[in-house]
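A quick write-up on the structure given underneath.
Proteins get letters first, then strands, A, B, ... in listed order; numbering begins at 1 in each. From a predicted model like this one, the values you see are computed outputs, not experimental measurements. Values below: all heavy atoms of this structure, side chains included; hydrogens, waters and symmetry mates excluded.
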There are 2 protein chains.
Amino acid sequence: MLTHAAEDYLKSIYKLQEKGGKVSTGILAEYLEVKPASATGMIKKLKTMKLVRYERYRGVTLTATGRAIALEIIRHHRLLELYLFKALGVPWDGVHEEAEKLEHVISEDVEARMDEFLGYPTADPHGAPIPDKNGVVVKTASIPMTDLQDGQSCVVAEVSDNDSALLRHLGSFNLYPGTAFRVIEVAPFEGPFTIDIAGQQVVIGREVAKHVFVDQVQDPDNV
Amino acid sequence: MLTHAAEDYLKSIYKLQEKGGKVSTGILAEYLEVKPASATGMIKKLKTMKLVRYERYRGVTLTATGRAIALEIIRHHRLLELYLFKALGVPWDGVHEEAEKLEHVISEDVEARMDEFLGYPTADPHGAPIPDKNGVVVKTASIPMTDLQDGQSCVVAEVSDNDSALLRHLGSFNLYPGTAFRVIEVAPFEGPFTIDIAGQQVVIGREVAKHVFVDQVQDPDNV
DNA sequence: CCTATAATTTAGGCATGCCTAAATTAGTTT
DNA sequence: AAACTAATTTAGGCATGCCTAAATTATAGG
Ligand SMILES: [Mn+2]
Ligand SMILES: [Mn+2]
Ligand SMILES: [Mn+2]
Ligand SMILES: [Mn+2]
């Protein structure tokens, strides 16, 4: 069995690999809130375990085995988030922190029981996809809200889950995955978004909008 | 916050203190499956934190603070066992191992939510009392089954929870907390117990009987 | 091509928590 | 009272995983 720290590194490498392409020591260290020297040390350990590919100064990549473990931990995390949310009523801005600790500790049996209880779900409370038991993830085609234009309609697909205050803020607007809204106006010069959610007019700052990803984008009906 | 290891030591000292009286380094080390030298090291650390009283060669005792932490962890453990059992259907011989890891990791919020879900329970699936949120435990007056005499009736109050195979064995006889039975015969020379559970006649070895504690003992009706 | 800068790695340290082996102490036996 | 035995403590080591500071390497600009 891997240590919690090693699992966190694999999970982080996976996520960074998805976003950008190459995962440098510095990026990884920053993401994990650790010094670069520490990241180098762990990367070397993971390499001897054949969980990553690594050449010094060249960045790090997951091997098939490393990727499988990363997905397993991510599955734990997201199932836990949804379970805590649905079964125990933990608010959506609290589940991430909780799952961050639990993900390393639950058994395969408990994982399977939560999965069954939840009806084999495919997304967590923030809209992130839950890898299935074989490590298969469905890639979503969502785009950042900041790419939207005046008049377009869409549905929230996913929001960043690691900032509790941001989640509370989004919650105050009812901006959950599944919520539909229409862009009324995008203010020029990197300005805020004015949107219509179920008749309510709401202003969303650009920094916040960066963390909201949307789906099913439709252009305005021509009048 | 304390480390998992420190929490386990406090919990173990508490339990050993309850059973016998004085907790020696050796007893503690054996209980934790660790070498005596390791126990000495941790005991010293706990002493500097004022969680235990300790004079070398004289054994260790919890301070009020140490006891409060021990009870908090035990509360986590037992609430988790019952929650896993009732909410997720984890079998009673599996909950202990699972709770052993989770107890160090759940938040006070999740603890409170499980407590509410379970209706503020007072005993875990093995009959052990769950300390309340203020660290108050109700001492049970149960006695070991090995103290029973021919003809006596009683109700199972508690069983040891740390041996999975033993629990499965007890389960096969329906010997759960709350189950009533009557002693038909105690074989002489440290022999086995023949008992009657709901009309079924069952033979229980002495080694097994040592791990079963009973309540509401009634002498045989005089004919 | 050579050098400056920024990223990365190496070297050395510290805290935890375990271990083995050797030294010490308590308690019992003669 | 001295000696033995068993428990306990001390000393020294090892693995993790983090840190800081110093050395190295890549890369881009002159
Ligand atoms: Mn799993
Ligand atoms: Mn999430
Ligand atoms: Mn608690
Ligand atoms: Mn129990």
Please pick, from [options], the nucleotide with the shortest atom-to-atom distance to any side-chain atom of [X].
X	options	answer
A/Tyr54	C/dC18, C/dT20, C/dT9	C/dT9
A/Ala37	C/dT16, D/dT10, C/dT9	C/dT9
B/Lys35	D/dC19, C/dT20, C/dT8	C/dT20

**Prompt:** Is there a donor on the side chain of A/Tyr57 or the base of C/dT8 sitting less than 3.5 Å from an acceptor on the other?
**Reply:** yes
**Message:** On DNA chain C, compare the nucleotides closest to B/Glu33 and A/Ser24; which residue's is nearer the 5' end?
**Reply:**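 Nearest nucleotide further toward 5': that of A/Ser24.
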**Message:** Would the distance check show the side chain of A/Asp150 and the main-chain N or O of A/Val186 forming a donor-acceptor pair, the cut-off being under 3.5 Å?
**Reply:**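 Yes; at least one donor-acceptor contact below 3.5 Å.
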What is the distance from [atom1] of [X] to [atom2] of [N], rounded to the nearest Å?
X	N	atom1	atom2	value
A/Lys22	D/dA26	NZ	P	12 Å
B/Met42	C/dC19	CE	C1'	14 Å
A/Glu7	D/dG17	CD	P	11 Å
A/Leu32	D/dC18	CG	P	8 Å
B/Lys44	C/dG17	NZ	P	15 Å
A/Glu55	D/dT25	CD	P	14 Å
A/Leu2	D/dG17	CG	P	9 Å
A/Lys45	C/dT10	NZ	P	14 Å

Any [X] side-chain nitrogen or oxygen under 4.0 Å from OP1 or OP2 of [N]:
X	N	result
B/Arg56	C/dA23	no
A/Thr3	D/dG17	yes
B/Tyr9	C/dC18	yes
A/Thr40	C/dT9	yes
B/Arg58	D/dT9	no
B/Thr25	D/dT8	no

Could you check whether any side-chain heavy atom of [X] comes within less than 4.5 Å of a side-chain heavy atom of [Y], counting everything from C-beta outward?
X	Y	value
A/Ile204	A/Val212	no
A/Glu103	A/Lys11	yes
A/Val183	A/Gln149	no

**Item:** Toward the 5' end of DNA chain D, by each residue's nearest nucleotide, B/Gly26 or A/Ala5
**Value:**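 Upstream on the strand: B/Gly26.
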**Request:** Identify the residue among B/Glu81, B/His96, B/His211 that makes a side chain to side chain donor-acceptor pair (under 3.5 Å) with B/His126.
**Result:** B/Glu81
